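Here is the structure we will look at, set down as structure tokens.
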Amino acid sequence: MPKGQVRGCLVRGYNYNMKGNFPIEKFGNIETPFYYYDAEVLQQSLDAICGEMAKHKNYHLHYAIKANANPKVLKRIQAAGLGVDCVSGGEIQAALNAGFAPEKIVYAGVGKADWEINLGLEAGIFCFNVESEPELQIINELAGQKGKTARVCFRINPNVGAHTHANITTGLAENKFGIAMEDMELAIREAQELPNIEFIGLHFHIGSQILEMGDFEALCGRVNELLERLAKQGISVENINVGGGLGINYDNPDGAPVPNFKAYFETYANGIKLADNQHLHFELGRAVVGQMGSLITRVLYVKKCHIKQFAIVDAGMSDLIRPALYEAHHTIQNLSSDEAEETYDVVGPICESSDVFGKDEKLPACHRGDFIALRSAGAYGEIMASQYNCRKLPKGIMSDEL
């Protein structure tokens, strides 16, 4: 798209300069909306993760690919030595395409289709996180047809709550995920009797966007309780997977570009005492990629009415659905203006009243063509985009590619 146009319309000319970490002088020829990924912030997060994990014996991190499956992002995460956590066959294939070793891939999900299970078996992934007895039976059957043995961990529902949005809480008894604690021993005994199954551990996950370490401490207590229960019955557990869930600071992305991985891993180090032969696995997603990404959009119109002023942008809920789906708020910045602040509702063009990114936002005066950044959008942004209203899917661009 020629510089100075918004979807074919002429806009004000700007002398684009660096503002913050955004090279907006390079944005003029990129069609908006698009996702801008700061490679430096991603690398800082990866370095922090690897540095903290190195302090602890037998710790393994499987990046939760559902947060962001952009191939360029996956390549960098794979290069850092992380494994991957998948919840679909498509994610398994994306991980393999990005070069992740099969022995570092774990596969969870309440509804694994036969073709997805077969893909995991053929690839030789590390394990299946099994969530029901019927699923266990099917995995055994499909593995038998291939003459293979499937390694499984049982996802146990710990009935531990988390201080987060109800739609991303996963560890309560009322949630669809996992096997009830009361059925844990029965499931393990059954797995030990199946000819094509190898039971290797337990899996837990209590939710997402968790900022209070007390929630993870509660999970540690429950895990210890269950491990002690199994030990009394002579059942050893080699692998303990505690999922992910660590949140990010959506209100101050520049002040906290890298989450507090030190406190996160130390919570588990202090809370779960591993034997020398036990391994602790993590499945972080949002915390790895959330702060690196921003959705870049441009102002189409500034609409004033008696009680409101709207900044209507060319990104919509089809590009970033979190505000509409979770009532989430992303920090919003006008990258093109240094004028005095005014109050706007920042809204998109989708034919839905929920297509709103922020209400009563204080922004430097907005004009047609201004670049607007919706921050902390590296997780659950591009990957959840849709073509609702027959719109194009947004592209993801790495900062060091510009």
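Everything quoted here is computed from the prediction, not taken from an experiment. Below, all heavy atoms of this structure are taken into account, side chains as well, without hydrogens, waters or symmetry copies.
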* Side-chain donor-acceptor pair present, Arg298, Thr32, cut-off under 3.5 Å -> no

* Is there a donor-acceptor pair under 3.5 Å between the side chain of Glu238 and the backbone N or O of Gly201? -> no

* Any idea which heavy atoms bring Asp319 and Pro394 closest together, and the distance? -> OD1-CD, 3.5 Å

* To do: Kindly determine whether Val289 and Ile77 satisfy side-chain contact (heavy atoms from CB on, under 4.5 Å), including the steps that lead there.
  => CA-CA 9 Å; Val289 297; Ile77 294 173; 3.9 Å; yes

* Structure fact -> Note: Phe22 and Ser294 closest approach over all heavy atoms is CZ-OG, 3.5 Å

* Please lay out, stage by stage, how Tyr36 and Phe27 fare under the test ring pair (Phe, Tyr, Trp, His ring centres under 6.0 Å). => CA-CA 10 Å; Tyr36 174 76; Phe27 289 174; 5.4 Å; yes

* By ring pair (Phe, Tyr, Trp, His ring centres under 6.0 Å), which residues pair with Phe199, not counting sequence neighbours? -> Phe154

* **Side-chain (Asn389) to main-chain (Ile350) donor-acceptor, under 3.5 angstrom** => no

* Please tell me if the side chains of Leu274 and Ile240 come closer than 4.5 Å, counting only heavy atoms from C-beta onward. => yes

* Face-on cation placement of Arg368 at Tyr301 ring, 6.0 Å and 45° thresholds -> yes

* Trace of the side-chain contact (heavy atoms from CB on, under 4.5 Å) decision for Val288 with Asn68 -> CA-CA 10 Å; Val288 181; Asn68 188 320; over 6 Å; no

* Structure fact -> Applying ring pair (Phe, Tyr, Trp, His ring centres under 6.0 Å) to His329 and not counting sequence neighbours gives none

* Do Val130 and Ile197 touch side chain to side chain, with heavy atoms closer than 4.5 Å? -> no

* **Minimum heavy-atom distance between Val110 and Glu131, given as atom pair plus value** => CG1-OE1, 2.9 Å

* Report, as yes or no, whether the 6.0 Å neighbourhood of atom CD on Glu40 holds more than 12 heavy atoms from other residues, nucleotides or ligands. => no

* To do: Tell me, yes or no, whether the heavy-atom count around Lys308 atom NZ, taken from other residues, nucleotides or ligands under 6.0 Å, exceeds 12.
  => yes

* Asked: Tyr107 and Glu116: side-chain donor and acceptor closer than 3.5 Å?
  -> yes

* Can you name the closest pair of heavy atoms from Leu136 and Ala187 and give their distance? -> CD2-O, 4.2 Å

* Asked: Just by distance, with hydrogens left out, do Tyr326 and Gln209 show a side-chain donor and acceptor under 3.5 Å apart?
  -> no

* Asked: Side-chain contact, heavy-atom cut-off 4.5 Å: Leu325 with Met384?
  -> yes

* Asked: With distance as the sole criterion, is a donor-acceptor pair present between the side chains of Asn97 and Gln93 under 3.5 Å?
  -> yes

* Please walk me through it: do Val347 and Ile312 pass side-chain contact (heavy atoms from CB on, under 4.5 Å)? -> CA-CA 5 Å; Val347 302; Ile312 303 171; 3.8 Å; yes

* Asked: When you look at Glu266 and Lys262, which way does the salt bridge (charged side-chain N to carboxylate O under 4.0 Å, His left out) test go after all the steps?
  -> CA-CA 6 Å; Glu266 285 186 351; Lys262 178 178 172 60; 2.8 Å; yes

* Asked: Does one side chain, of Glu141 or Gln137, offer a donor that lies under 3.5 Å from an acceptor on the other?
  -> no

* Asked: Are Asn241 and Cys153 close enough, and set up right, to give a side-chain contact (heavy atoms from CB on, under 4.5 Å), and what steps lead you there?
  -> CA-CA 8 Å; Asn241 187 328; Cys153 287; 5.6 Å; no

* Indicate yes or no: does Glu122 engage Lys146 in a salt bridge with an N to O separation below 4.0 Å. => yes

* Asked: Within 45° of the axis and under 6.0 Å from the centre of the six-membered ring of Tyr37, does NZ or CZ of Lys72 qualify?
  -> no

* To do: State which residue, out of Phe261, Phe204, Phe282, fulfils the ring pair (Phe, Tyr, Trp, His ring centres under 6.0 Å) condition with Tyr268.
  => Phe282

* Short side-chain to backbone donor-acceptor contact, Glu217 and Thr267, under 3.5 Å -> no

* Answer whether the closest heavy-atom distance between the side chains of Arg155 and Glu135 falls below 4.5 Å. => no

* **Sub-4.5 Å side-chain heavy-atom contact between Leu142 and Lys148** => no

* Asked: Quick one: which of Ile248, Thr331, Asp251 gives a side chain to side chain contact (heavy atoms under 4.5 Å, CB included) with Ser376?
  -> Ile248

* Asked: Which heavy atom of Lys273 sits nearest a heavy atom of Asn224, and at what distance?
  -> N-OD1, 4.3 Å

* Minimal non-hydrogen separation, Gly247 against Pro259, with atom names -> O-CB, 4.0 Å

* Asked: Just checking, is any N or O donor in the side chain of Asp314 or Thr297 under 3.5 Å from an acceptor N or O on the other one?
  -> yes

